[in-house]
Every structure is written in structure tokens, then in C-alpha cells.
Amino acid sequence: MNREELPPTSPLLDEPLPEAHPPGLMARFRNYFLTGLVVAGPVAITFYLTWWFVNWVDNLVRPFVPTVYRPETYLPFGLPGSGLIVAVVALTLLGFLTANLIGRTLVDLGERLLGRMPVVRAIYRGLKQVFETLFSGKGSSFRKVGLVEFPSPGMWSIVLISQSPSVDVANKLPSQEEHISVFLPCAPNPTTGFFFYVPKSKIIEVDMSTEDAATLIMSAGVVQPGSDPQKRNAAALAGMANAARVANSAKLQPAPAKVKVEKVE
């Protein structure tokens with residue numbers, strides 16, 4: 001088909017086919033740098049936090065270890081993690097001793113002694129209840145995630161659902177409806193937030209783990225739970241390739257030639 005035979009509205013006459021230009025040097029440098037940052041950033045931060053925790057435990061436990069049992073006594077350098085190992089062994093041994101009759105008796109005597117101190121008594125009881133709730137594995141606190149309309153109508157916040165209030169607190173609440181105590185973490189530090197009681201009917205439970213909720217809060221919504229970046233990128237690339245294939249096939253397909261039909265009388 002000659003060019004003169006194509007209709008004026010043919011796509012081949014409107015615009016030429018786009019040519020794929022390779023990315024420039026700066027674009028490739030930026031892509032490589034961001035890729036390296038994404039790979040090395042989480043590894044470096046995780047290694048730094050782990051190293052800080054190990055050193056913190058070592059410095060905390062080292063004064064209680066006799067000099068003769070310290071690794072740096074026999075080595076020209078310190079052995080990181082030795083204090084952490086001692087702490088784990090000591091806590092395990094303490095739990096083993098507490099499980100028998102003699103250990104429980106000593107713990108009861110210690111609790112009675114602390115219970116006679118006015119200020120220390122309140123701190124110890126509060127911390128003991130928190131540790132028993134968090135590390136016992138039997139409680140239901142902070143096992144569920146929900147949504148609460150806060151701080152104003154139409155705005156929803158992620159909360160961690162705790163337990164029901166005590167009888168004394170429940171009787172003082174103005175509404176007769178059942179209330180639930182919740183903790184609203186703040187971004188980007190989920191260890192701080194607000195604690196309040198809210199009616200049970202005002203809570204929308206979400207099928208999300210507490211780890212996903214903490215990740216969502218710390219990232220300020222950038223990392224969504226259940227999202228897979230690789231799958232999203234693959235789907236986006238597949239969609240772009242399909243759209244380009246359809247566009248190119250439409251432009252390369254020749255338009256039908258116009259045939260002039262004369263009426264024969």
C-alpha cells in the first residue's frame with residue numbers, strides 16, 4: 001500500500017512511532033543508588049540496633065560477673081554477647097528455682113518485704129501486672145487490632161484492644177454499655193500514645209496482627225499490611241507492557257483503502 005492511498009486520518013500519517021530511549025547516566029545512577037539504599041538500609045539499622053542491645057546488656061551484666069570469669073581477662077579484646085549469654089542463663093536458672101517450693105517461698109517473702117514500702121509497693125505491683133500480662137502468653141491484651149473514630153468524627157485511628165475495665169471503673173462510666181480499654185499508639189513511635197475507655201460498639205475490629213499494626217504506624221501508612229511490593233511492581237510492568245503492545249499494534253495496522261464504487265445504469 002502506497003502512502004498516497006492511505007486516508008488522511010490514518011494513524012501512520014498523524015505521528016511517528018515513539019522510539020524507546022535508554023535511560024541517561026544520571027537516571028541509572030539514581031536508580032542504582034536507591035536500589036542499594038533499599039537493600040542496605042534495613043540491614044544496617046537492624047545490625048545497629050542489635051549491636052546496641054547486646055552492648056547495653058553486656059555493660060549491665062558485666063559488673064556482676066567476677067573478673068576471673070570475664071572473657072577479656074584471658075583475651076586481648078572483649079567478647080561481645082558474653083553478658084547477654086550470662087543474662088539468659090541467669091534468668092532461666094531463676095525461673096527454674098522459682099518453680100519449686102523453696103523458690104516460691106523466697107519470692108513470697110520478697111513480695112511481702114516490697115509490699116511494706118509505700119512508694120516501691122505501687123511501682124512493683126504495677127510492673128508485675130504488666131509483665132505477667134505481656135509475657136504470660138495467656139492474656140488477651142493487645143492481641144487484637146481495631147479502628148476507633150478519633151480524634152474527630154470521620155477520622156479513624158488504629159488502636160490495640162486491651163481488656164475490659166474493672167468493676168469499680170465500669171460502674172463510674174456514664175453509659176451502661178460495655179466498654180473496652182484500648183491503647184492508641186502514636187506515629188512514628190508506637191511506644192507512646194493514648195489510653196482510654198471506649199464503648200465496645202464503637203470499635204471496629206480489623207483482621208490484622210499487632211506486628212502489622214506497629215509497622216503501619218511506624219511507617220506512617222507507607223507500608224501497608226499484606227502488600228507485596230514485588231507483586232505490585234510485576235503487575236504494573238505487565239499492565240504497561242500490555243498497553244504498549246495494544247498501542248503499537250493499533251498504530252502498525254494499515255487502514256483499509258477506500259474503494260470508489262460507481263453506479264452502473
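For clarity, every value in this text was computed on a predicted model and none was experimentally measured. These numbers come from the heavy atoms of this one structure, side chains and all, not from hydrogens, waters or symmetry mates.
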Would you mind reporting whether [Y] and [X] have side-chain heavy atoms less than 4.5 Å apart?
X      : Y      : answer
Val68  : Tyr74  : yes
Val148 : Leu184 : no
Ser164 : Ile180 : yes

Quick one: side-chain hydrogen bond (donor to acceptor under 3.5 Å, both in side chains) partners of [X], sequence neighbours excluded?
X      : value
Glu177 : Ser201
Tyr124 : Glu111
Asn171 : none
Thr35  : none

Working to the nearest 0.5 Å, report the span between [atom1] of [X] and [atom2] of [Y].
X      : Y      : atom1 : atom2 : answer
Ile217 : Asp212 : CD1   : CG    : 11.0 Å
Glu205 : Lys200 : CD    : NZ    : 7.5 Å
Met26  : Asn31  : CE    : CG    : 11.0 Å
Thr215 : Met208 : OG1   : CE    : 10.0 Å
His179 : Ile203 : NE2   : CD1   : 9.5 Å

When clusters are formed by joining ILVMFWY residues with side-chain heavy atoms under 4.5 Å apart, either directly or through shared neighbours, do [X] and [Y] land in the same one?
X      : Y      : result
Val61  : Leu94  : no
Tyr32  : Leu34  : no
Leu60  : Phe53  : yes
Met218 : Leu216 : no
Val88  : Phe64  : no

Is it the case that more than 12 heavy atoms not belonging to [X] sit under 6.0 Å from its [atom1] atom?
X      : atom1 : value
Phe194 : CZ    : no
Asn59  : CG    : yes
Phe29  : CZ    : no

Inset, instruction - Grab the two heavy atoms, one from Val54 and one from Pro80, that are nearest each other, plus how far apart they are. - result: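 Shortest heavy-atom contact: CG1-C, 4.2 Å.
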Inset, instruction - Quick one: closest heavy-atom pair of Ser152 and Glu149, and the distance? - result: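 Of all heavy-atom pairs spanning Ser152 and Glu149, the closest is O-CG, 3.8 Å.
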Inset, instruction - Scan for side chain to side chain donor-acceptor pair (under 3.5 Å) pairs involving residues 40-55, sequence neighbours excluded, and state none if there are none. - result: none
Inset, instruction - Evaluate the side chain to side chain contact (heavy atoms under 4.5 Å, CB included) criterion for residues Ile204 and Trp156: first the C-alpha distance (whole Å), next the side-chain angles of each, then the deciding distance (0.1 Å), finally the verdict. - result: CA-CA 10 Å; Ile204 302 177; Trp156 296 86; 3.8 Å; yes
Inset, instruction - Any pair with a residue in residues 49-65 that passes salt bridge (charged side-chain N to carboxylate O under 4.0 Å, His left out), sequence neighbours left out, goes on the list, sorted by first then second residue, please. - result: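 Salt bridge (charged side-chain N to carboxylate O under 4.0 Å, His left out) check on residues 49-65 returns Arg62-Glu72.
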Legend entry - Donor-acceptor pair, side chain of Ser157 and main chain of Phe150, under 3.5 angstrom: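 Side chain of Ser157 to backbone of Phe150: a pair is present.
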Legend entry - Check: Thr73 side chain, Thr67 main-chain N or O, donor-acceptor pair, under 3.5 Å: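 Present.
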Inset, instruction - Test side chain to side chain contact (heavy atoms under 4.5 Å, CB included) on Val145 and Ile158 and set out the steps. - result: CA-CA 7 Å; Val145 181; Ile158 294 288; 3.8 Å; yes
